[in-house]
Amino acid sequence: MAKAKTIYVCTNCGSDSPKWVGKCPSCGQWNTYVEEIIAKEPSVSRTTGGFKETSSKNRPVLIRDITSQEETRIDLRNEELNRVLGGGLVKGSLVLIGGEPGIGKSTLVLQTVLGLKNLRTLYVSGEESSRQLKLRADRLAQDTPNCYILCETNLEKIFSHAEKVEPDLMIIDSIQTIFTELVESSPGSISQVRECSAAILKYAKESGTPVLLIGHINKEGSIAGPKVLEHIVDTVLQFEGDQHYMYRILRSIKNRFGSTAELGIYEMRQNGLREVSNPSELLLTQNHEGLSGVAIAAAMEGIRPFLIETQALVSSAVYGMPQRSATGFDLRRMNMLLAVLEKRAGFKLAQKDVFLNIAGGLKVNDPAIDLSVISSVLSSSLDISIEQGVCMAGEVGLSGEIRPVNRIEQRILEAEKLGFHRILIPHNNLKGFDAKKIKLDIVQVRKVEEAFRRLFG
Ligand code: TYD
Ligand code: MG
């Protein structure tokens with residue numbers, strides 16, 4: 001028997017080499033190369049896809065001769081998902097939904113297909129049995145006459161079933177469990193994932209059937225190993241959130257048919273995921289009258305404004321090294337803000353433990369919450385609460401200046417809508433905005449000292 005040919009593939013970026021190497025020359029990661037067996041003979045698809053083929057119907061055309069038409073989109077009856085996809089699922093597109101195990105990817109997708117009464121859907125599961133899926137569907141308390149379930153991991157068999165069913169939408173849960181006979185290595189390996197997704201892409205484009213792929217995320221947070229997968233697909237969505245909190249965020253990382261600034265928010269319930277169309281509700285259920293260490297930020301995620309609570313606890317450091325901990329906020333950024341506080345408000349860094357938390361288990365990347373972070377720390381340190389009904393937005397610079405933030409109008413309008421009576425914003429941030437109609441008291445501040453004076457007197 002001929003010796004099986006093996007190559008070494010980087011599990012991080014998918015580049016390969018005939019020999020093992022310690023550091024990947026392409027992505028710079030250490031110890032990521034693994035041995036993989038590749039096809040003994042060149043696969044059929046390779047030979048027919050070669051450049052010698054002349055009967056191809058694809059020829060060069062002038063760009064002005066191409067008729068532009070709107071992509072036909074499928075309404076998924078799930079507003080958050082539709083929006084993140086850029087207004088619905090495009091026919092013939094390949095969408096990857098990534099996320100950590102147990103975050104709710106299967107739930108999200110199954111719930112969506114069960115809601116599609118008029119479309120024929122094929123849900124291929126390589127992870128769960130049909131009985132398990134039925135149990136889940138019962139739990140979701142939805143039923144549809146048009147959803148087929150297929151428990152199969154062999155790609156060729158999946159395609160032959162798909163030919164018979166002719167679905168309007170196909171789901172593959174998950175890409176890491178599917179294998180093709182053309183490749184020798186085990187399911188989930190780089191070459192399997194690459195070959196399978198390329199074949200699925202071809203199927204999607206040729207049949208015009210959109211396919212949703214589910215993919216696992218590895219411990220570093222990238223979609224398990226294969227970055228290659230992100231290049232192949234049209235759209236990459238990431239489902240994230242803390243398993244122990246109820247809220248889940250669906251983020252678009254790449255989208256060939258829409259903006260990546262969009263974001264969907266869900267709440268995990270007993271009977272499935274509920275769309276959260278008003279994200280500020282994360283905050284509004286709480287009453288924090290008289291509590292020190294709480295400040296409210298007018299934040300943006302993508303293009304949606306929402307108000308979020310930042311909480312801080314400052315206590316005297318008992319041990320030599322003061323403790324610092326931040327949940328939902330960048331720790332290095334918090335340390336920088338603490339240094340600004342030391343310089344500007346006489347906050348003794350070396351003697352204090354500081355714990356910071358963004359309520360609801362969300363992770364916020366918007367720099368405009370700086371002002372609220374620094375205010376909540378000072379509020380806890382002084383043990384003075386911030387007046388109810390006051391919120392703020394502003395990025396804090398190294399010298400304590402408050403820097404302008406984007407989309408200030410939307411933040412102000414959101415705060416007004418939610419019944420706040422005052423908002424602190426950066427000085428000169430209001431250019432061109434007609435604030436006359438706004439009933440909210442807008443306070444413009446230049447420096448953190450000025451903001452502190454307004455907040456704590
Ligand atoms: P699941 O969709 O299986 O996660 P993934 O496919 O991303 O691995 O979600 C599993 C979790 O969701 C599980 O811990 C139970 C929880 N869950 C609910 O809270 N409510 C529900 O209605 C369902 C179906 C699941
Ligand atoms: Mg799953």
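Order of appearance sets the numbers: ligands from 1, and atoms from 1 within every ligand.
For ligand 1, none of its N or O atoms has an N or O atom of L140 under 3.5 Å away. On a distance-only criterion, H216 and ligand 1 share no N/O pair closer than 3.5 Å. Considering backbone and side-chain atoms alike, S106 places an N or O below 3.5 Å from some N or O of ligand 1.
Among G102, S174, G104, the residue whose heavy atom lies closest to atom 8 (O) of ligand 1 is G102. Atom 9 (O) of ligand 1 has its nearest heavy-atom neighbour, among I97, T107, D173, L273, in T107. The option with the heavy atom closest to atom 25 (C) of ligand 1, from among R139, Q111, E127, Q132, is R139.
Residue-ligand proximity, R269 to ligand 1, at heavy-atom distances under 4.0 Å covers atoms 18 (C), 19 (O), 20 (N), 21 (C), 22 (O). For ligand 1, the atoms sitting less than 4.0 Å from at least one non-hydrogen atom of M268 are 12 (O), 16 (C), 17 (N), 18 (C), 19 (O), 20 (N), numbered in the order shown with element in parentheses.
Under the side-chain hydrogen bond (donor to acceptor under 3.5 Å, both in side chains) criterion, the residue pairs touching residues 407-418 are S280-E414, D366-R411, N406-R411, R407-Q410, E414-K417, with sequence neighbours excluded.
For the Mg ion (ligand 2), the nearby protein N/O/S atoms, meaning those under 2.8 Å, are S106 OG.
Side chains of Y33 and S15: a donor on one and an acceptor on the other come within 3.5 Å. Counted by atom type alone, E156 and T180 present one or more donor-acceptor pairs between their side chains at under 3.5 Å. Between the side chains of T177 and E127, no donor-acceptor pair of N or O atoms lies under 3.5 Å. For the residue pair N255 and T260, no side-chain donor N or O sits within less than 3.5 Å of a side-chain acceptor on the partner. Using a 3.5 Å distance cut-off with no hydrogens or angles, the side chains of D75 and N82 do pair a donor with an acceptor.
Contact between V183 and Q192 at its shortest, heavy atoms only, is O-NE2, 3.2 Å. Residues L356 and M334 approach most closely at CB-SD, 3.5 Å, considering heavy atoms.
A salt bridge between E166 and R120 is absent, with no side-chain N of the basic residue lying under 4.0 Å from a carboxylate O of the acidic one. Look at R136 and E128 and you find a salt bridge, because one of the NZ, NE, NH1 or NH2 atoms lies within 4.0 Å of a carboxylate O, short of that distance.
For P101, every heavy-atom contact with ligand 1 shorter than 4.0 Å involves the backbone, none the side chain. Of the heavy atoms in N271, only backbone atoms (N, CA, C, O) come closer than 4.0 Å to ligand 1. Residue contacts with ligand 1, taken as heavy atom pairs separated by less than 4.0 Å, involve K105 via backbone and side-chain atoms alike.
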- Determine, stepwise, if the pair L337 / F329 fulfils side-chain contact (heavy atoms from CB on, under 4.5 Å). CA-CA 12 Å; L337 293 175; F329 191 74; 4.0 Å; yes
